[in-house]
2 protein chains.
Amino acid sequence: MTGRRRPVQARSREMVDRILEAATRVLATRGYAGMSTNRVATEAGVSVGSLYRYFGDKDEIIAELRTRCTADVMADLTEAMSRAVSLPTRDAVHRVLTTLVGSLQRHRALMTALVDEVPLGAQGNVLPEVERQLAHFTRMFVATHAPHLEPAEADARIYLAMGVALSTCLRIALDPPPGISEDHLVDLTADLLGLGLVLGG
Amino acid sequence: MTGRRRPVQARSREMVDRILEAATRVLATRGYAGMSTNRVATEAGVSVGSLYRYFGDKDEIIAELRTRCTADVMADLTEAMSRAVSLPTRDAVHRVLTTLVGSLQRHRALMTALVDEVPLGAQGNVLPEVERQLAHFTRMFVATHAPHLEPAEADARIYLAMGVALSTCLRIALDPPPGISEDHLVDLTADLLGLGLVLGG
DNA sequence: CGATAAAGTGAGCAAATGCTCATGTTCTAC
DNA sequence: GTAGAACATGAGCATTTGCTCACTTTATCG
């Protein structure tokens, strides 16, 4: 292990970007197993040695991809949430979900690979930070619109809602059914979440 | 490729079973990448050559595991459904979901590996047949309890419901949250599905 | 310039993997 | 018993993978 170095010159920062782009492409076309460091390096027009100067490990490349992707989605999400607070609840939920779907769609290649190719190890979630952020939003939402719920009950419903929201948005974004409008699906999901959370039981 | 043969003697049928058991174990402990044919063979107390007599390919082992697992879940599910038709709708949904969760839990090791380790290729679903069966059940349910829905609208809701049901049951079965009763989660999910499907919009 | 550090190269190694095949063993049927 | 089929073995091959390292090139700065 030569140890990962940080790129300081512009030249090397560009190279890191080229490597990450190539990795995304290879991941999308050949899958995780087919994404060898040699292949990524070749595809990026870079030598393996250079790759290993900035990434100590094959999985570090993917970790970096995930980090950047998460940051992007989070940015979209927090912006949507800050705008949503002033809207009627149904519209708020709808806006957040729409934003999430769009954000996931813009990272389709990577997300697809992450969802069904990359080993996640122990944790079963592709976007833990996104889920946390969503949960935070939902918690506020529940506190103001269903204050009668006991904390334990609220937790259970939020847990469920997070699973539904994330899995549904992922499905709509990455594997949309033919002949059904995405917007309508988001609409239905928003209803489902609102009704299930606030009413129900 | 020597071509896969079918075991005809009892001896070889036992061996196939031993291989599949070993594969499940290895898959659970080392993951898909760590599941080499050599390791599976050793773990099963069998030679690699024998393994390749009955499985033409590493992935054929997994395909067989999936087939057997699916058959098992399907058996549970169809039985639960046939009993559920005579129940009030809420109880029916609850029973089916409970059965599904239990069935997935009994196959925890394999399911976990399938969900976040095994490359699924194009299709993003772990249990396509189960989803089809569930959709069939739901379609009947919708036809009798919400006949006012247009076909297209019904399709959209069934599509959503399948995603919610499967992903939620998988989550409850494989990654249950601490401190929340599984039964209560199933309860909430049943409400969610019932309300979202029949009312909503 | 000249010196030092950063950036970049690519042949190639050690280990692992999927899989074969020549050989040996056990079962079945006549 | 014995012929022939089914069954079982495991050394080992071809390929791939992740990764190193001795080396060259380029930038930075006094």
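Source: prediction; values computed, not measured.
Rounded to 10 degrees, the angle separating the terminal helix axes of the helix from dC1(C)-dG30(D) to dC30(C)-dG1(D), each built from five base pairs, is 10°.
Listed in residue order, the members of residues 14-22 of chain A having a heavy atom less than 4.0 Å from DNA chain C are Met15(A).
Where Thr37(A) and Gly49(A) each meet DNA chain D at their nearest nucleotide, the meeting point lying more 5' is that of Thr37(A).
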Find every protein N or O atom lying less than 3.5 Å from an N or O atom of nucleotides 27-30 of chain D, and list the pairs.
none

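In this structure, the OH atom of Tyr52(B) is 15 Å from the C1' atom of dA11(D), given to the nearest Å. Rounding to whole angstrom units, CD of residue Glu60(A) and C1' of dC19(D) are separated by 13 Å. One can place CZ of Arg5(B) at 10 Å from C1' of dC7(D), the figure rounded to the nearest angstrom. Separating the CG atom of Leu51(A) from the C1' atom of dG10(C) is a distance of 13 Å, rounded to the nearest angstrom. Regarding Asp57(B), its CG atom lies at a distance of 16 Å from the P atom of dT17(C), rounded to whole Å. Atom CZ in Arg39(A) sits about 16 Å away from atom P in dT15(D), given to the nearest Å. Rounded to an integer number of Å, the gap from Lys58(B) NZ to dT20(C) P is 15 Å. Straight-line distance from the CZ atom of Arg53(B) to the P atom of dA22(C): 15 Å, rounded to whole Å.
Under a 3.5 Å cut-off, the side chain of Arg95(A) and the backbone N or O of Arg83(A) do not form any donor-acceptor pair. In this structure a side-chain-to-backbone donor-acceptor pair under 3.5 Å is missing from Arg18(B) to Val46(B). With hydrogens and angles ignored, the 3.5 Å screen pairs no side-chain donor or acceptor of Glu43(A) with any backbone N or O of Arg39(A).
Tyr159(B) carries Arg171(A) over the face of its six-membered ring, with the cationic atom under 6.0 Å from the centre and within 45° of the normal. Both tests hold for Lys58(B) against Tyr32(B): distance to the six-membered ring centre under 6.0 Å, angle to the ring axis within 45°.
Between the CD1 atom of Ile61(B) and the OH atom of Tyr52(B) there is a distance of 7.0 Å, given to the nearest 0.5 Å. Remark: Leu97(A) CG to Cys169(A) SG distance equals 4.5 Å, nearest 0.5 Å. One finds the CD atom of Glu182(B) at 4.5 Å from the CD atom of Gln105(B) (value rounded to the nearest 0.5 Å). Going from atom CG of Leu27(B) over to atom CG of Leu114(B) covers 6.5 Å, rounded to the nearest 0.5 Å. Distance CG/Asp72(A) to CG/Leu104(A): 11.0 Å, rounded to 0.5 Å.
Remark: Ser50(A) is not in phosphate contact with dA7(C), judged by side-chain N or O atoms under 4.0 Å from OP1 or OP2. Using a 4.0 Å cut-off, some side-chain N or O of Ser47(B) falls inside it from OP1 or OP2 of dT9(D).
Using a 4.0 Å heavy-atom criterion, one finds that Ser36(B) contacts the sugar-phosphate atoms exclusively. Across all strands, Ser12(A) comes closer than 4.0 Å only to sugar-phosphate atoms, never to a base (heavy-atom distances).
Of all nucleotides listed (dG12(D), dA6(C), dG10(C)), dA6(C) comes nearest to the side chain of Val8(A).
Side-chain contact, Thr70(A) with Thr67(A): no donor N or O sits under 3.5 Å from an acceptor N or O.
Within 6.0 Å of NE2 in His184(B) there are more than 12 heavy atoms belonging to other residues, nucleotides or ligands.
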